[in-house]
Amino acid sequence: MSAQTPGHLSGIKQLTLGGENAEAYWSPDGKQIIFQSTRDKLACDQIFIMNADGSNQHMVSTGKGRTTCGYFLADNKHILFSSTHESGDACPPPADRSKGYVWAVYPSYKIYLATLDGKILKTLAGAPGYNAEATVNRKTGKIVYTSMQSGDLDLWTMNPDGSDKKQITKSEGYDGGPVFSPDSKMVLWRGNHPATPETQKQYHDLLRENLTSPMKMELFVADANGKNTRQITQNGCANFAPTFTPDGKKILFSSNKHDCDGRKFELYLMNPDGTGLEQVTAFGGFTAFPEFSPDGKKIVFASDKDAKSRYEFNIFTADWK
């Protein structure tokens with residue numbers, strides 16, 4: 001499939017060159033991007049920051065353990081990220097792919113608050129079990145994240161200092177990758193809620209081994225407190241990394257709905273009620289983790305577009321129209 005960009009994207013710029021780069025998110029002032037990367041001699045992901053044009057790429061996490069899900073706080077002066085470094089300097093073992101395409105939900109992940117140069121100030125979420133996938137609402141400063149604190153993979157919210165933790169989803173199954181709407185009134189996420197005894201057993205068997213399968217994920221929206229949950233995709237495929245457009249009127253997300261059991265993902269746009277679906281990219285590989293710049297003029301995303309090797313994923317920006 002050709003690398004066409006029907007309608008919305010122009011001026012695509014590749015910011016990283018080689019390695020595995022993903023989960024890139026803008027600073028509130030739009031001048032920097034935080035992302036995770038396995039590159040050079042790193043054995044697993046660490047957190048990096050770069051300027052919005054790709055210059056000054058530098059690691060800000062400890063270099064120990066494995067990290068994920070970096071994000072700027074609303075004050076533009078602090079970051080958060082999840083890390084396993086307190087449980088050991090080495091990377092935790094990779095997910096056991098003999099069980100199919102699964103993700104590891106390491107119980108040693110905690111969410112940390114740090115300065116822009118990476119100095120860790122405190123643990124924001126350190127309950128036993130997995131704590132990760134945090135994002136921040138720039139209007140209120142409120143953090144939403146995924147935690148095993150309840151014994152299941154649920155969404156929680158907390159204040160920027162880690163106080164006032166509240167569980168906002170309680171459905172059996174995985175809830176993750178959450179984001180608030182720009183006006184802070186809604187929360188949007190991916191979920192896998194097994195509905196049969198067989199799929200429930202599969203889910204819990206994997207979870208006991210700190211694993212989960214991402215290949216059947218639907219998107220959900222709810223009020224910011226978790227009330228009035230609505231499922232907004234129904235395609236039975238893997239839909240994830242959703243984000244709102246800056247005006248809150250559309251949702252941009254990644255899906256393999258065109259190749260439901262495969263690993264080729266493209267970006268799609270739809271209304272918050274799931275109608276009006278439109279395909280945004282057609283690069284023919286893996287493209288995900290889109291986020292709009294604060295001024296709404298650009299998006300950042302991760303993709304294996306133009307990759308030189310099989311497991312190369314780079315960070316790109318593009319003008320949005």
Asker: Nearest 0.5 angstrom please: T196 OG1 to Q202 CD, how far?
Answerer: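 Spacing of OG1 (T196) from CD (Q202) equals 7.0 Å.
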
Asker: Can you tell me how far OG1 of T281 sits from NZ of K305, rounded to the nearest 0.5 angstrom?
Answerer: 10.0 Å

Asker: Main chain of D29, side chain of N76: is a donor-acceptor contact present, judged purely on distance under 3.5 Å?
Answerer: yes

Asker: If the threshold is 4.0 Å, N to carboxylate O, is there a salt bridge linking E209 and K99?
Answerer: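 Salt bridge: yes.
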
Asker: If only atom types and distance count, is the side chain of T233 paired as donor or acceptor with the main-chain N or O of N235 below 3.5 Å?
Answerer: no

Asker: Set out, in order, the CA-CA distance, both residues' side-chain angles and the distance that settles side-chain contact (heavy atoms from CB on, under 4.5 Å) for M158 and Y145, then state yes or no.
Answerer: CA-CA 8 Å; M158 61 181 168; Y145 64 105; 3.7 Å; yes

Asker: Are the aromatic rings of Y25 and Y71 close, with centres under 6.0 Å apart?
Answerer: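 Yes - the distance between ring centres of Y25 and Y71 falls below the 6.0 Å cut-off.
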
Asker: Quick one: sort the Y130 and Y109 rings into parallel, tilted or perpendicular, breaks at 30° and 60°.
Answerer: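 The rings of Y130 and Y109 stand perpendicular, inter-plane angle above 60°.
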
Asker: For residues T146 and L155, determine if any side-chain heavy atom of one lies less than 4.5 Å from a side-chain heavy atom of the other.
Answerer: yes

Asker: Check for a donor-acceptor pair, side chain of N137 on one end and backbone N or O of S181 on the other, with a separation under 3.5 Å.
Answerer: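 The answer is yes, because a donor-acceptor pair under 3.5 Å joins these two groups.
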
Asker: Got a sec: does the CD of E198 have more than 12 other heavy atoms crowding it under 6.0 Å?
Answerer: no

Asker: Salt bridge between K298 and E291, side-chain N to carboxylate O under 4.0 Å?
Answerer: no

Asker: Okay, side chain of Q36, backbone of C69: is any donor-acceptor separation there less than 3.5 Å?
Answerer: yes

Asker: Keeping D154 on the side-chain end and S150 on the backbone end, is there a donor-acceptor pair under 3.5 Å?
Answerer: no

Asker: Within the side chain of N131, is there an N or O that forms a donor-acceptor pair under 3.5 Å with the backbone of G129?
Answerer: yes

Asker: Give the intermediate values and the outcome of side-chain contact (heavy atoms from CB on, under 4.5 Å) for residues F72 and Q32.
Answerer: CA-CA 9 Å; F72 284 89; Q32 293 183 296; 3.9 Å; yes

Asker: Between D53 and K31, does at least one N-O distance fall below 4.0 Å, as a salt bridge requires?
Answerer: no

Asker: Roughly how far, to the nearest 0.5 Å, is OG1 of T275 from CE of M270?
Answerer: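 One gets 9.0 Å once the value is rounded to the nearest 0.5 Å.
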
Asker: Identify the two heavy atoms, one from A288 and one from S254, that lie closest to each other, and give their separation to 0.1 Å.
Answerer: CB-OG, 3.4 Å

Asker: Show the nearest heavy-atom pair for residues Q46 and F48, with the distance to one decimal.
Answerer: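 Shortest heavy-atom separation between Q46 and F48 comes out as O-CD1, 3.5 Å.
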
Asker: Tell me, with the steps shown, if L252 and V280 meet side-chain contact (heavy atoms from CB on, under 4.5 Å).
Answerer: CA-CA 9 Å; L252 184 64; V280 173; 3.9 Å; yes

Asker: For the residue pair I232 and I251, establish whether any side-chain heavy-atom pair is separated by less than 4.5 Å.
Answerer: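 Contact flag for I232/I251 side chains = yes.
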
Asker: If you define the side chain from C-beta out and look only at heavy atoms, does anything of E23 sit under 4.5 Å from D45?
Answerer: no

Asker: Assert yes or no for the condition that the ring centre distance of Y203 to H193 is strictly below 6.0 Å.
Answerer: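 For Y203 and H193, the ring centres are not under 6.0 Å apart.
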
Asker: Are any side-chain N or O atoms of N314 and backbone N or O atoms of Q14, one a donor and one an acceptor, separated by less than 3.5 Å?
Answerer: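 Not at all, since once roles are kept as given, no pair shorter than 3.5 Å links the two residues.
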
Asker: Output the distance between atom NE2 (H85) and atom OG (S108), rounded to the nearest 0.5 Å.
Answerer: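 The distance works out to 10.5 Å.
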
Asker: State plainly whether the residues K110 and E86 are in salt-bridge range, i.e. N to O under 4.0 Å.
Answerer: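 Answer for the salt bridge query: yes.
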
Asker: Please answer whether the main-chain N or O of F286 pairs with a side-chain N or O of S303 as donor and acceptor at a distance below 3.5 Å.
Answerer: yes

Asker: Check this for me: does any side-chain nitrogen of one of D164 and K142 sit under 4.0 Å from a carboxylate oxygen of the other?
Answerer: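 Salt bridge flag = yes for K142 with D164.
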
Asker: Can you tell me how far the CG atom of D304 sits from the OG1 atom of T287, to the nearest 0.5 Å?
Answerer: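 These two atoms lie 6.0 Å from each other.
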
Asker: Are E20 and Y311 close enough that some pair of their side-chain heavy atoms sits under 4.5 Å apart?
Answerer: yes

Asker: Taking side chain as C-beta onward, heavy atoms only, is I49 less than 4.5 Å from H58?
Answerer: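 Heavy-atom side-chain distance check passes, below 4.5 Å.
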
Asker: Donor-acceptor pair, distance only, cut-off 3.5 Å: does the side chain of R190 make one with the backbone of P242?
Answerer: no

Asker: Between F240 and W103, how do the two ring planes meet: parallel, tilted or perpendicular, split at 30° and 60°?
Answerer: perpendicular

Asker: Please name the pair of heavy atoms, one in F301 and one in T317, separated by the smallest distance, quoted to 0.1 Å.
Answerer: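 Looks like CE2-C, 4.5 Å.
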
Asker: In terms of ring plane angle, is the pair Y268 and H258 parallel, tilted or perpendicular, where the classes change at 30° and 60°?
Answerer: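 The rings of Y268 and H258 sit tilted, inter-plane angle from 30° to 60°.
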
Asker: One thing to verify: whether D259 and K264 come together as a salt bridge, which I'm taking to mean a side-chain N less than 4.0 angstrom from a carboxylate O.
Answerer: no

Asker: Nearest 0.5 Å, please: how far is CG in D96 from CG in L206?
Answerer: 9.5 Å

Asker: Looking at K216, I want to see if its NZ is surrounded by more than 12 non-hydrogen atoms of other residues, nucleotides or ligands under 6.0 Å.
Answerer: yes

Asker: State yes or no: do F35 and I12 share one hydrophobic cluster built from I, L, V, M, F, W and Y residues joined by side-chain heavy-atom distances below 4.5 Å, directly or via other members?
Answerer: no

Asker: Evaluate the criterion side-chain contact (heavy atoms from CB on, under 4.5 Å) for residue pair T243 and F292; output intermediate values, then yes/no.
Answerer: CA-CA 8 Å; T243 189; F292 288 90; 4.3 Å; yes

Asker: Is a side-chain donor or acceptor of N256 paired with a backbone partner of G262 at a separation under 3.5 angstrom?
Answerer: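 Checking the backbone N and O of G262 against the side chain of N256, a donor-acceptor pair under 3.5 Å is found.
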
Asker: Indicate yes or no: at least one non-hydrogen side-chain atom of F81 is less than 4.5 angstrom from one of S83.
Answerer: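 A side-chain contact under 4.5 Å exists here.
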
